[in-house]
Protein chains: 2
Amino acid sequence: MARERKIDMVILGLLSHEDLTGYDIKKRIDGAISFFWKGSFGNIYPALKDMEDQELITKKDISSSGREKIAYHITRRGKKVLGDWLKDEQASNELRYETLLKLFFGGVQDKKVSVRNIEVFEEQVRGDLELLKEYAKTLKNSLDDEDHLYFYLTVTFGIDSYEAYLKWCAKAKKLLA
Amino acid sequence: MARERKIDMVILGLLSHEDLTGYDIKKRIDGAISFFWKGSFGNIYPALKDMEDQELITKKDISSSGREKIAYHITRRGKKVLGDWLKDEQASNELRYETLLKLFFGGVQDKKVSVRNIEVFEEQVRGDLELLKEYAKTLKNSLDDEDHLYFYLTVTFGIDSYEAYLKWCAKAKKLLA
DNA sequence: ATTTGATATATCTGTTTGATATATTAGCAC
DNA sequence: GTGCTAATATATCAAACAGATATATCAAAT
């Protein structure tokens with residue numbers, strides 16, 4: 001069965017706004033998107049090749065002098081595929097938190113080890129939360145721009161859940177003390 | 001570079017409590033652990049083979065009549081590896097939420113599509129939250145049992161974040177209305 | 001002049017996912 | 001007791017993904 005390759009949708013989504021090179025796409029994914037989805041050169045470049053074969057995107061050589069540069073543009077077929085995916089109600093939402101895994105098996109070690117693991121997690125979250133709050137502050141004043149609105153929604157998702165994480169951290173440390 | 005295979009740690013963690021077959025391990029992972037980590041036969045069975053070669057686990061044939069059955073037991077070396085992983089402070093915590101991806105690119109479609117995607121997410125979360133609350137209710141009365149305590153902590157993490165998700169869903173739908 | 005870091009391409013190895021294949025056993029309906 | 005179905009139990013395969021690496025250009029600072 002030909003499984004649906006999710007990276008295709010990420011790329012089509014990005015290309016629906018502007019033409020981009022593979023490298024640009026990677027940078028965009030590493031930005032705000034990375035809070036809820038990741039991508040690597042190892043799947044971006046093959047996906048671009050495949051999608052060009054399927055005529056979901058077209059490429060244009062925009063090399064300047066020695067530097068090779070290929071920009072990709074979404075086709076009508078590509079927009080159709082993106083739209084169908086958006087309208088498809090099923091969505092896989094997965095957490096992959098090594099910290100929780102370590103906590104689950106925490107009984108193997110001294111409680112201090114678990115407390116320390118929670119503290120490390122707490123620091124990570126605190127840092128990311130600050131970043132997200134910066135985003136939110138900037139976006140909040142331009143929610144009439146539709147793209148900003150959708151971006152803002154994903155950012156507030158991050159803020160709300162990270163704040164819940166921090167509250168949990170405090171409770172968890174107390175229970176282990 | 002020999003990357004650390006996370007499924008190894010899940011398996012060692014489970015085997016640190018009791019001897020299990022590959023099938024048992026899969027069932028355990030599909031239970032409460034699946035909220036924060038997944039596993040499949042496709043990586044469990046190869047991992048068991050490798051870890052036996054590395055003498056982190058030993059196998060024992062417990063077949064009865066025709067049915068082939070192999071139980072695995074953790075070795076001292078295995079316990080060492082598990083302990084080292086628990087003490088290692090670095091941990092990768094990743095969200096992979098297709099719903100947020102769809103929302104991020106929501107501008108491509110009518111707002112109703114995004115609202116519907118949030119509603120579907122909301123239903124998923126509500127269902128999982130109920131399950132987690134069941135777990136919590138049972139565990140809460142036996143927190144002096146260390147294993148229950150650690151299990152309880154991961155469960156409350158789920159409850160707290162899912163409750164934050166639901167609040168966000170309400171806000172997000174309002175903003176899109 | 002040179003070194004560093006960012007840009008830009010692409011591939012490789014290993015890991016994980018999801019589906020499939022194969023066969024046994026237990027429980028239930030008829 | 002026969003046949004059906006679901007659960008048990010093994011294992012493999014293709015596709016997708018992650019992370020590292022290779023190669024080379026370009027811009028900017030030293």
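We use all heavy atoms of the structure for the numbers below, so side chains are in, but hydrogens, waters and symmetry mates are not. Convention: sequence-line order gives letters A, B, ...; per-chain numbering from 1.
Here the P atom of nucleotide C:dT25 and the NZ atom of B:Lys69 are 11 Å apart, to the nearest Å. Rounded to an integer number of Å, the gap from CD1 of A:Ile62 to P of C:dT7 is 14 Å. The distance from atom CD1 of A:Ile7 to atom C1' of C:dT17 is 16 Å, rounded to the nearest whole Å. With rounding to whole Å, B:Asp8 atom CG is found 10 Å from C:dT15 atom C1'. Straight-line distance from the CD atom of B:Glu4 to the P atom of C:dT15: 11 Å, rounded to whole Å. Between the NZ atom of B:Lys6 and the C1' atom of D:dA18 there is a distance of 11 Å, given to the nearest Å. The distance between atom NZ of B:Lys59 and atom C1' of D:dA11, rounded to the nearest whole Å, is 12 Å. The nearest whole Å value for the distance from the CG atom in B:Leu20 to the C1' atom in D:dT8 is 14 Å.
Legend: residues meeting salt bridge (charged side-chain N to carboxylate O under 4.0 Å, His left out) with A:Lys38, ordered by chain and number and at least two apart, are absent. Under the salt bridge (charged side-chain N to carboxylate O under 4.0 Å, His left out) criterion, A:Lys49 pairs with no residue at all, not counting sequence neighbours. With sequence neighbours left out, B:Asp50 forms a side chain to side chain contact (heavy atoms under 4.5 Å, CB included) with B:Arg5, B:Gln54. B:Ala172 pairs by the side chain to side chain contact (heavy atoms under 4.5 Å, CB included) definition with A:Leu153, B:Ile118, B:Trp168, not counting sequence neighbours. Among residues two or more places apart in sequence or in another chain, the salt bridge (charged side-chain N to carboxylate O under 4.0 Å, His left out) test is passed with A:Asp84 by A:Lys80. Listed by chain and residue number, nothing satisfies the side chain to side chain donor-acceptor pair (under 3.5 Å) test with B:Glu123 (two or more places apart in sequence, or in another chain). For the side chain to side chain donor-acceptor pair (under 3.5 Å) test, residues two or more places apart in sequence or in another chain that qualify with A:Ser142 are A:His148.
Residue B:Thr21 places at least one side-chain N or O under 4.0 Å from the OP1 or OP2 atom of D:dT10.
Pairs of residues two or more places apart, or lying in two chains, that qualify as salt bridge (charged side-chain N to carboxylate O under 4.0 Å, His left out) and include a residue from residues 55-66 of chain B are B:Glu52-B:Lys59. Note on residues 127-139 of chain A: pairs passing side-chain hydrogen bond (donor to acceptor under 3.5 Å, both in side chains), not counting sequence neighbours, are A:Lys133-A:Glu163.
Remark: A:Lys26 qualifies as a cation-pi partner of A:Phe41 under the 6.0 Å distance and 45° angle criteria applied to the six-membered ring.
Closest to the side chain of A:Tyr23, out of C:dT15, D:dA11, C:dT9, is C:dT9.
Projected onto DNA chain D by closest heavy-atom contact, A:Glu68 and A:Asp50 fall at different nucleotides, the more 5' of which corresponds to A:Asp50.
Non-hydrogen atoms lying under 4.0 Å from DNA chain D are contributed by B:Asp24, B:Lys27, all within residues 24-33 of chain B. The stretch residues 85-105 of chain B has no heavy atom under 4.0 angstrom from DNA chain C at all. A heavy-atom distance below 4.0 Å to DNA chain C is reached by these residues of residues 35-48 of chain A, ordered by number: A:Phe41, A:Gly42, A:Tyr45.
Taking the six-membered ring for Trp and the full ring otherwise, B:Phe157 and B:Phe36 have centroids separated by 6.0 Å or more.
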